[in-house]
There are 2 protein chains.
Amino acid sequence: MSLMIQDSVRILQAQGYKVTRPRKQVLGVLDQAQKPLSPYDVQRLLGERGKYLNHVTIYRILDLFCRLNLAHRVLSSGGFVKCILGKKEGCHRFMVCRRCGTIQEFADGGLCREESRLAEDFGFHAEYHLSESYGLCASCYRLEES
Amino acid sequence: MSLMIQDSVRILQAQGYKVTRPRKQVLGVLDQAQKPLSPYDVQRLLGERGKYLNHVTIYRILDLFCRLNLAHRVLSSGGFVKCILGKKEGCHRFMVCRRCGTIQEFADGGLCREESRLAEDFGFHAEYHLSESYGLCASCYRLEES
DNA sequence: TGCTAAATGCAACAACGTTGCAATGGAGTC
DNA sequence: GACTCCATTGCAACGTTGTTGCATTTAGCA
């Protein structure tokens, strides 16, 4: 079940953050995007809709969203995607298609435990994991077959 | 068994790349570092030794090293570390200590297979994995206990 | 030693990200 | 609705990081 914009708004309010127009606009852009967006991407996309936001504001909003886990930063591209998993168990991971660039988020508690256990073998105490799988999504895989 | 500078030099030659003074200097700096270095870090460290390299050159050298797997880019910090695993099976992963910043590289074939299998459940065909565990290394863990 | 392609240096630029402070506006209260 | 307060935004200026094109140098080889 994917998280809706309304859910995000509720989380903002519940944590004592204001629901401002810029925040709603950024939520809207993230919601429609299929791929990670840089802060400047967000600015451009809003611009195309005739809306203007200062880039500093966008940076701050995206930082906030990440702190609240409403969005995540995808490391391999440096962009941001909205979180669709909510509080699902385990670290949130990404599958990134190298052909079309689309992102799919997933989580798996077992994988997290296995990863932490391996780290223990080195005396390392893992607190969370960043993980991105790179390859081909289902539809691009079919296309590359032919 | 950690990869030596000589091994890196041999790999450069074997692939038809020249073994230049700048490349040896960057290898030397990476070899001594305990943590990921940005290209500008490399430039500063060389500067402290009285050696000068243009930052563009450093970018190009680090890019080359990454292509040859002599070094890796650590995503969470954006810096580069030399690879100490060589051709060990499985994707090369990192454990990053949040306290002292040191890096430990490891690889585990089983974890890779499990990660790919999970992706298959979503119809995704993983080709490689980027993975960084964040937490406390053994010695920092002991310190935080007290 | 001389040759040549590969590698480096340089200059200019483009993109990305941050800081401090003044102006604005969301949300509660009257 | 009007008022108030403080979180939030806008603005300007700056700093860092990364890129491009072209002239110059140098590693490797004959």
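FYI, side chains are in, hydrogens and waters are out, and symmetry mates aren't considered; it's all heavy atoms of this structure. Chain identifiers are assigned alphabetically (A, B, ...) following the order of the sequence lines, protein sequences preceding nucleic acid strands; residue numbering begins at 1 within each chain.
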Exercise. Are B:His55 and B:Gln43 close enough that a side-chain donor and a side-chain acceptor fall under 3.5 Å?
Worked result: no
Between CG of A:Leu75 and C1' of C:dC16 the distance, given in whole Å, is 16 Å
Here the distance between atom C1' of D:dT16 and atom CG of B:Leu37, to the nearest Å, is 17 Å
| message | If we count only N and O atoms by modelled type, under 3.5 Å, do the side chains of A:Ser76 and A:Glu132 hold a donor and an acceptor together? | response | yes
Is the centre of the A:Phe94 ring less than 6.0 Å from the centre of the A:His72 ring? yes
Rounded to whole Å, the CG-P distance (B:Asp41 to D:dT17) equals 7 Å
Here the distance between atom P of D:dC11 and atom CD1 of A:Ile58, to the nearest Å, is 12 Å
Across all chains, not counting sequence neighbours, the ring-ring contact (aromatic ring centres under 6.0 Å, His included) partners of A:Tyr52 are none
Taking atom CD of B:Glu144 as the centre, report whether more than 12 heavy atoms of other residues, nucleotides or ligands fall under 6.0 Å from it. yes
*If you group Ile, Leu, Val, Met, Phe, Trp and Tyr by side-chain heavy-atom gaps below 4.5 Å, do B:Met95 and B:Val81 land in one group?*
no
**Prompt:** Taking the six-membered ring where the residue is Trp, are the ring centres of A:Phe106 and B:Phe122 under 6.0 Å apart?
**Reply:** yes
Can you tell if the side chain of B:Leu45 reaches within under 4.5 Å of the side chain of B:Gln32, non-hydrogen atoms only? no
Taken to the nearest whole Å, CG/B:Leu53 to P/C:dC10 is 10 Å
>> Using a 3.5 Å distance criterion without hydrogens, assess whether the side chain of A:Thr57 forms a donor-acceptor pair with backbone atoms of A:Leu53.
In response: no
Here the distance between atom C1' of C:dA27 and atom CD of A:Gln15, to the nearest Å, is 17 Å
Q | Phosphate-side-chain proximity, B:Arg21 and D:dA27, N/O vs OP1/OP2 below 4.0 Å | A | no
Can you name the atoms? Protein N/O to nucleotides 18-21 of chain D N/O, anything below 3.5 Å, with the distance.
{"residue": "D:dG18", "atom": "OP2", "partner": "B:Tyr59", "partner atom": "OH", "Å": "2.7"}
{"residue": "D:dG18", "atom": "O5'", "partner": "B:Tyr59", "partner atom": "OH", "Å": "3.3"}
{"residue": "D:dG18", "atom": "N7", "partner": "B:Tyr40", "partner atom": "OH", "Å": "3.2"}
{"residue": "D:dT19", "atom": "O4", "partner": "B:His55", "partner atom": "NE2", "Å": "2.9"}

Rounded to whole Å, CD1 of A:Ile61 lies from P of D:dA7 at a distance of 17 Å
Here the distance between atom C1' of C:dA7 and atom CZ of B:Arg23, to the nearest Å, is 6 Å
Give every pair of a protein N or O atom and an N or O atom of nucleotides 28-30 of chain D that lie under 3.5 Å apart, one pair per line with the distance.
{"residue": "D:dG28", "atom": "OP1", "partner": "B:Val19", "partner atom": "N", "Å": "2.9"}

